[in-house]
Amino acid sequence: RVRSFVYVKERCSNKHLWSRSGAVCSVNGSILMGSFVLAVGLWLRFDPETVSLLNGDKAPDTFFIGVYILIGAGILVMLVGFFGCCGAVRESQCLLGSFFACLLIIFCAELAAGVFGFLNKDKIIKDVQTYYTTNYNENNNGTLIISYQKVLNCCGTTEYPCPDPPKDTKDCETGIEEFFNTKLYIIGYVGIGIAGVMIIGMIFSMVLCCAIRNSREVI
């Protein structure tokens with residue numbers, strides 16, 4: 001009986017140790033992922049090329065709204081990861097439970113934002129194209145138009161193409177679509193990555209919570 005009790009206690013202790021290690025690693029991964037997401041968000045927000053294209057007074061802000069959501073998600077994941085790390089080290093069921101709940105809320109909000117962004121991806125690109133064509137029709141030699149042509153290596157529009165465009169030069173509406181599709185895909189891939197890390201963090205936090213509860217029951 002004593003041996004059986006010792007065996008059960010050792011087994012629970014080993015399981016507890018592995019759960020704690022996994023939780024600490026996943027929480028640290030959440031903090032690192034949050035830092036990475038924040039860095040990508042800041043890069044997209046202050047990228048000189050993007051800023052030069054959306055720097056006008058009447059420029060559409062739908063793209064930057066998605067970037068701000070990404071920056072906010074990165075900051076929140078870093079803060080939540082810090083509290084989760086404290087919970088894993090101190091083996092606090094309350095902190096781990098709060099960590100799980102916060103990650104779940106952020107995950108649901110990110111999922112909703114991702115669905116919204118996917119459904120409105122074409123609208124974001126269309127808004128920028130409309131912004132460009134409006135300015136092009138008003139003044140096709142303005143500073144903004146020159147910035148678009150320089151950054152995107154493009155000229156004119158679909159309706160009014162350049163008479164003698166250089167080789168490998170496309171119309172700017174096509175250039176805008178290609179440019180912002182690339183940026184939006186970056187946001188999507190980063191969002192998928194952080195969602196995966198959050199799922200792992202939620203799993204390990206619950207496993208550690210159960211291990212802590214079981215070890216206390218055995219003791």
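Sequence positions, counted from 1, serve as the residue numbers for this chain. Note that this is a predicted model, so its numbers are computed, not measured.
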From [atom1] ([X]) to [atom2] ([Y]), nearest 0.5 Å:
X: Asp61; Y: Asp127; atom1: CG; atom2: CG; value: 9.0 Å
X: Thr130; Y: Ile125; atom1: OG1; atom2: CD1; value: 11.5 Å
X: Thr133; Y: Asn135; atom1: OG1; atom2: CG; value: 8.5 Å
X: Tyr132; Y: Asn137; atom1: OH; atom2: CG; value: 9.5 Å

Is any side-chain heavy atom of [Y] closer than 4.5 Å to one of [X]?
X: Met202; Y: Phe99; answer: no
X: Asp122; Y: Lys126; answer: no
X: Leu53; Y: Leu152; answer: yes
X: Ile186; Y: Trp43; answer: yes
X: Lys183; Y: Asp47; answer: yes
X: Ile176; Y: Tyr131; answer: no
X: Glu178; Y: Lys170; answer: yes
X: Ile145; Y: Thr143; answer: no

State, to 0.1 Å, how close [X] and [Y] come at their nearest heavy-atom pair, and which atoms those are.
X: Cys162; Y: Gly156; value: SG-N, 3.4 Å
X: Met33; Y: Val190; value: CE-O, 3.9 Å
X: Tyr160; Y: Tyr136; value: O-OH, 3.9 Å

Trace of the side chain to side chain contact (heavy atoms under 4.5 Å, CB included) decision for Glu49 with Phe179: CA-CA 10 Å; Glu49 293 184 347; Phe179 180 84; 3.6 Å; yes
Please answer: with hydrophobic residues joined when any side-chain heavy atoms are less than 4.5 Å apart, are [X] and [Y] in the same cluster?
X: Tyr185; Y: Phe63; result: no
X: Ile75; Y: Ile65; result: no
X: Val37; Y: Phe46; result: yes
X: Ile69; Y: Ile105; result: no
X: Ile192; Y: Leu76; result: no

Side-chain donor or acceptor of Glu173 paired with backbone N/O of Thr158 under 3.5 Å: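 Yes, because the side chain of Glu173 sits within donor-acceptor range (under 3.5 Å) of the backbone of Thr158.
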Whether Asp171 side chain and Thr174 backbone form a donor-acceptor pair below 3.5 Å: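 Pair found, side chain donor or acceptor close to backbone of Thr174.
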Tyr68 six-ring centre to Arg45 NZ/CZ under 6.0 Å and within 45° of normal: no
Test: Cys172-Cys155 SG spacing under 2.5 Å: no
Side-chain donor-acceptor pair present, Ser52, Asn55, cut-off under 3.5 Å: no
Ile194 and Phe36: CA distance, side-chain angles, deciding distance, side chain to side chain contact (heavy atoms under 4.5 Å, CB included) verdict: CA-CA 9 Å; Ile194 194 173; Phe36 174 72; over 6 Å; no
Greater than 12 external heavy atoms within 6.0 Å of Phe64's CZ: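 More than 12 within 6.0 Å, yes.
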Test side chain to side chain contact (heavy atoms under 4.5 Å, CB included) applied to Leu32 and Met78, step by step: CA-CA 8 Å; Leu32 292 175; Met78 287 177 63; over 6 Å; no
